[in-house]
2 protein chains.
Amino acid sequence: MRRMTARPANTHQARLLQLLRDSGPNSRAQLGDQVDLSRSKLAVEVDRLLETGLVVADGLAASRGGRRSHNVRLNPELRFLGVDIGATSVDVAVTNAELEILGHINQPMDVREGPVAVFEQVLSMAAKLRASGLAEGFDGAGIGVPGPVRFPEGVPVAPPIMPGWDGFPVREALSQELGCPVMVDNDVNLMALGEQHAGVARTVHDFLVVKIGTGIGCGIVVGGEVYRGTTGSAGDIGHIQAVPDGRPCACGNRGCLEAHFSGAALARDATEAAQQGRSAELAGRLEANGGLSAADVAAAAAAGDATALDLIREGGRSTGQVIAGLVSFFNPGLVVIGGGVTGLGHNLLAAIRTQVYRQSLPLATGNLPIVLGELGPTAGVIGGARLISDHLFSPA
Amino acid sequence: MRRMTARPANTHQARLLQLLRDSGPNSRAQLGDQVDLSRSKLAVEVDRLLETGLVVADGLAASRGGRRSHNVRLNPELRFLGVDIGATSVDVAVTNAELEILGHINQPMDVREGPVAVFEQVLSMAAKLRASGLAEGFDGAGIGVPGPVRFPEGVPVAPPIMPGWDGFPVREALSQELGCPVMVDNDVNLMALGEQHAGVARTVHDFLVVKIGTGIGCGIVVGGEVYRGTTGSAGDIGHIQAVPDGRPCACGNRGCLEAHFSGAALARDATEAAQQGRSAELAGRLEANGGLSAADVAAAAAAGDATALDLIREGGRSTGQVIAGLVSFFNPGLVVIGGGVTGLGHNLLAAIRTQVYRQSLPLATGNLPIVLGELGPTAGVIGGARLISDHLFSPA
DNA sequence: GAACTTTCTCCACTGAGTGGACAAAGACGT
DNA sequence: ACGTCTTTGTCCACTCAGTGGAGAAAGTTC
């Protein structure tokens, strides 16, 4: 199949495509209710979209007491690729134009091996999905990388945990390989887009997404749009000071949030506790697995281990301390906690909540939900698909 | 003179009015260069604006090698009122439609006396300006108050330092009294608008304005627009924890930034130092004035007093500590320091800069200017005029 | 089968916006 | 003084997006 290359010709068409993406098949009448255009004009634009092939007829809907409506929907053969590159693993997924996941693969990986090796892996994962019959090709791809990105060009800039990627033309390279438009963004921003599109943040306009994985980052959404900052490093909260004169951090300072709580820090602290004999539970797991991860701490806490619980509580306190400041400053309508450590679940959430509600002013926290992300590991790939569809479903 | 009531009929007219406001008298040709409309259409819209009286002819400009242009400008009789209500004083100013200050009065005042008393004072100040022949009436007014505001309604919400104002319909009441449209906002947001319009932030799209006066607040500008948060309390950074287990704060917590550094805190610390005999300079001033203010500390520091200098440096360090976190999070293109304590000048600025540059990541601070505001005490009133003109110069 | 609903199409009309021709007004060289 | 060039502004015919009403098509309900 030849891939779609058409783009909406005007804002009306863009709006219609986005409506069809977000609410599935619709009749002309239903579209008209949401789009503030005369029925005549709307019919014209829908017909033009049908001509481009982006939209196809979808049969007759059931009657609601009158003439049955002719539904239209986004072309079901459109395929987007969502790629979420983490520090230690990659997620690749295929979606249709309505951003439903048709297939999803996760593989371990190390970003530090550099862009060439990682892309080889990503491309082979994409090929596998294609080979399984889910897609004959891709109409667009959205990629998330664990570091700051100069968004318009799709190029990582000075990424701390992936030094080899600095300045690598991710967007251009992947667009070449995949033969379709590509957008690149920070992984946390993709997660925010994902939760906004299909998760807990569907109705909020200003919110924060705190992703606690190997590192810690924050996605910022202002007025429904991801805010990326002047140099693309907005949300880089891992190196905000959480503990004065605290632990030394790789960045050269002391007491950075990331040095005190993150997947990596938690594993380190748990190992330390096990070795010092402060927890039999953790020591057993260390013995068994030859190492400890955040998941081990979660399991130990679930098994009632006090030390593990303490580690989580202490981490939640540090995180909550920083988030409290951000809440005072940003006054969001929602805070979403996500990332690898969401396995720590409600113990973590409770610790964060306590700290934030205690430290921020009532006006900012009065009606502020602090919740776990809904999408788990799929938030990033859905966000990727959303990112590229936002791009393709806007006037050229 | 009957006040102007016309509003632009469409976005083109709004755009033209804003252009004329920001760059003064212009010929049709010059306007055409900036507005992406055909000369014909532009002429039509300009003619309509002339009919409304918002815009008037302004004679012929000098020739530039061809036919001389007929300039047009905003009606020079338009008058805006800018009001900046602080904790301890009020600024009221009259501007023309180009937001040039024609007259400016500052008077001491205490917000805690409540809205009724304060408005009486504001109205009498406005009357004084009118009586001096600067205005026959006002076409709009922009008011800043030192606390959070529910912006669409123009009503203060839960303002900590002005409890009597909670829920008072400032916008409606003043609109009634002045007989013109009124917009109300947080004083720090007005300052941000002022610096954006006529100060240091003219070319930046994403920036922060930190106002250090009796309290501490922060104005946030995203994509050229003031960001106010979900409940209007965005930028309320005075109660972010700057010093763990630090000084007790009126809000009930400990170590809040405002408890450690602000006009009030500085005066308190200076008085303490004077009484403990740590500074002869400050003790002398305490004796002479019967009390100490931030200005006294500034003067003492300028006279070489080490204790005063230490107080400023320590305050700058706390402030810088908090700002560093905000810079990491928000990645602004500029940070402006303003408010009453700008009298502390470069000693304060240096301390803040040191702390921010040390604590934030290079990518966020690499090209980040941290500067003092340019407009001083006029920032707020210019911002007020800007606020209402933005409102009036947009389609009804 | 009549009356009512809902969906969709057709068509004449409005009005925003364009671009080119041309007029007005000045600068400059000869 | 006069023609040429440049810049500014006006006029006008034309295009095209968008509207709203009439009415056809296709159902449901009683």
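In what follows, every chain begins at residue 1, and chains take the letters A, B, ... in the order their sequences are listed.
- Backbone-only contact: B/Ser69 has heavy atoms under 4.0 Å from sugar-phosphate atoms and none from a base.
- When distances are taken from the side chain of B/Arg67 to each of C/dT18, D/dT7, D/dA17, the shortest belongs to D/dT7.
- Cation-pi check for B/Arg228 over B/Phe151 is met; the charged atom lies under 6.0 angstrom from the ring centroid and within 45 degrees of its normal.
- Rounded to an integer number of Å, the gap from CG of B/Leu31 to C1' of D/dT7 is 16 Å.
- Comparing A/Asn10 and A/Leu60 by the nucleotide of DNA chain D that holds the closest heavy atom to each, the one mapping nearer the 5' end is A/Asn10.
- The CG atom of B/Asp58 sits 17 Å away from the C1' atom of D/dG9 (whole-angstrom rounding).
- Under a 4.0 Å N-O distance rule, the pair B/Asp33/B/Arg39 does not qualify as a salt bridge.
- Atom CG in B/Asn26 sits roughly 11 Å away from atom P in D/dG9 (whole-Å rounding).
- By the 4.0 Å N-to-carboxylate-O rule, A/Glu195 lies too far from A/Arg386 to be salt-bridged with it.
- Between B/Leu42 atom CG and D/dT8 atom P there is a gap of 13 Å when expressed in whole angstrom units.
- Note: CG (B/Asn71) to C1' (D/dT7) measures 14 Å, nearest angstrom.
- A donor-acceptor pair under 3.5 Å links the side-chain atoms of A/Arg7 to the main chain of A/Leu392, judged by distance alone.
- Of the residues near DNA chain C, A/Ala29 and B/Glu45, the one whose nearest nucleotide (by heavy atom distance) lies more toward the 5' end is A/Ala29.
- Within the 4.0 Å cut-off from OP1 or OP2 of C/dA16, not a single side-chain nitrogen or oxygen of B/His12 is found.
- Toward the 5' end of DNA chain D, the nearer of the two residues A/Ser40 and A/Arg68, judged by each one's closest nucleotide, is A/Ser40.
- Remark on DNA chain C: of its neighbouring residues B/Leu37 and A/Gln30, the 5'-side contact belongs to A/Gln30, judged by nearest-heavy-atom nucleotide.
- Taking every side-chain heavy atom of A/His70 into account, C/dC8 is the closest of C/dC8, D/dG9, D/dG20.
- Here the C1' atom of nucleotide C/dA16 and the CZ atom of B/Arg48 are 9 Å apart, to the nearest Å.
- In this structure, B/Arg28 places its CZ atom 14 Å from C1' of D/dC11, rounding to the nearest Å.
- Rounded to a whole Å, the CZ atom of A/Arg39 is 15 Å from the P atom of D/dA24.
- Shown here is A/Asp36, whose CG atom has no more than 12 heavy atoms of other residues, nucleotides or ligands within 6.0 Å.
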